[in-house]
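In what follows, a structure is listed as structure tokens, so that the remarks can point back to it.
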Amino acid sequence: MRTRFAPSPTGPLHFGSVRTALFAWLAARASGGQFVLRIEDTDQERYLEDSEALIMETLLWLGLTWDEGPEVGGSHGPYVQSQRTAIYREHAERLVTGGAAYWCTCSPERLTEMRERQRAASEPTRYDRHCLAIQDEVRRQRDELVPAVLRQRIEPGRTRWDDVVRGEISFDNADIDDQVLLKSDGFPTYHLAVVVDDHLMDITDVIRSDEWIPSTPKHLGLYQAFGWAPPRFAHVPPVLGEDRLKLSKRRGARNVLEYGELGYLAAAIVNAMALLGWSSGTEQELFTPAELVERFSLDRVHDSAAVFDPKRLDSLNGQHIRRLSVEELVEQLEFWLLGTSKETRRRLVPLLQERMVVMRDATSLAAPLLGDAPWDDDVVFPPRKVDGDTAIALLDTACAEVESGGLDDLTAMRERLTALLDSHGVKARDGFRVLYIAILGRAQGVPVFDAMAFIGVEVSVRRLRAARARLEL
RNA sequence: GCCCGCAUCGUCUAGCGGUCAGGACACCACCCUUUCAAGGUGGUAACCGGGGUUCGACUCCCCGUGCGGGUACCA
């Protein structure tokens, strides 16, 4: 199987477009075939600088490597459509010769008016073939350099295909427009380019978003006109935002790379994307990319739109983080715990790992251990259910404990402090909040005894005393 | 307007004529517990509506409704 991802360089990739790329990649990898990356830059007006690099960076980050395409090359290149214009021109000629395409010099104004008329008459809007009837005249106009487009001549009949995810779909050709194949600037439209390229690049399975369903009959018509066997088509459902609208750049869908900056793991993103429209059929929901490759198949792709749920991503990301080995996490955390040594991170990981949803959480969780622990603005101290006397006694005792080597045996120290709280009639769960606030600056965070062991005797004592001082005021 | 597609808990989904309609996320409760998490246990929660077909429909067919997409010299 050979599949491809063919984005147009009109901006960064969002969750929905990458999900489609992922399905194409998984299908190729699952079959042991190839995955091709092709840049569809036939629209010069919408071209956006840097998007090509951004697209590749995104794919690479997620591990969606391509066997052929920009950067890596391949035997079916070039892989950028703007470098293939001669190929399209040549194929367009073949269509003209075979009678499957014709030139049209209709003005945009006439076209607009025509469509309005059709709409008013409850007819489908499609080209009325005005120019087809006067080809001699059109030829003369073209000689005089009147701008012209090449149109596909749609044959009467019915077009049907067996879509890999949708099943049979069919269209009455009477509803299909005589599609523009070559624009007046000489560039091909998507429709011509995609068919020529998919065929020339030996793509066996066209996996694309379902917004292409209505233009598939045109593509099928082109395959027929060229005398080529069409590929299989798999139209995958769209990914919707929480507003139930399709994710799009225009509506501010987030650039996938931003998830990396937020601290999401590539593996978790891939996992979450795969679950949007695909399921394994088993109850397993946590997958590594390798496991996905093993299990994926196009025929298990669901056929209705999926709303992207960020909470689900969070959950998956937390699970992937917990699946990481200590060494892997130590490695990955370098960026989030800047300036720390590997050894330091090794000591931190056990305290952080099960508390992280995104990598970025490590930064705030570890902050009181790596630097100062300024008190949270709305911290209540002493906390509820703990009277001042008890708090003072606990702080003083803890201080003494720490100074006399209590950090060498955390369990024993904890037990003695628990006993102290007991004697004051305060529950450990309430009383120890005093310690959390003193050491971490707030009542939640990494286990406080481990935190004290990490920051050491001197810093622990200083923080305990500072907290104690607040109670005397 | 015309064409196409889709329809199971709030969300992602399993289901492919006979199930107490299963799982995950989220939510709630409890357990564990030095906080927060993590983990464990349990719970609330769904087949869009109407007709058929059938001994029997979430499952098949039709209609309606809703939603999505297309309808460009954009992809």
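Keep in mind the model is a prediction, meaning the values are calculated, not measured. Within every chain, numbering begins at 1; the chains are lettered A, B, ... in the order of the sequence lines, protein sequences first and strands thereafter.
Between B/G70 and A/K218, no contact under 4.0 Å exists linking OP1 or OP2 to a side-chain N or O. Taking only side-chain nitrogens and oxygens, A/S122 never comes nearer than 4.0 Å to OP1 or OP2 of B/C2.
Annotation: of the two residues near RNA chain B, A/T42 and A/R433, the 5′-most nearest-nucleotide partner is A/R433.
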**OP:** Indicate for each nucleotide in nucleotides 38-44 of chain B, in 5' to 3' sequence, whether protein heavy atoms under 4.0 Å reach the base (B), only the sugar-phosphate (S), or nothing (-).
**Re:** SS-----
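Looking at the side chain of A/R300, the nearest of the listed nucleotides B/C73, B/A14, B/U34 is B/A14. Comparing B/G69, B/A24, B/C6 by their closest approach to the side chain of A/P214 singles out B/G69. Among the nucleotides B/A26, B/C3, B/U13, the one closest to any side-chain atom of A/F171 is B/C3.
The base of B/G70 lies outside donor-acceptor range of the side chain of A/E211, with no N or O pair under 3.5 Å.
Shown here, B/G10 forms a base pair with B/C25; the pair counts as Watson-Crick or G-U wobble because both key distances fall under 3.5 Å. As the counterpart of B/G5, B/C67 is assigned, both hydrogen-bonding distances of the Watson-Crick or G-U wobble pattern falling under 3.5 Å. With a cut-off of 3.5 Å on both pairing distances, B/C73 has no Watson-Crick or G-U wobble partner at all.
Nucleotides B/G69 and B/A57 place their P atoms 36 Å apart, quoted to the nearest Å.
Sparse packing is recorded around CZ of A/R323, with 12 or fewer heavy atoms of other residues, nucleotides or ligands lying under 6.0 Å away.
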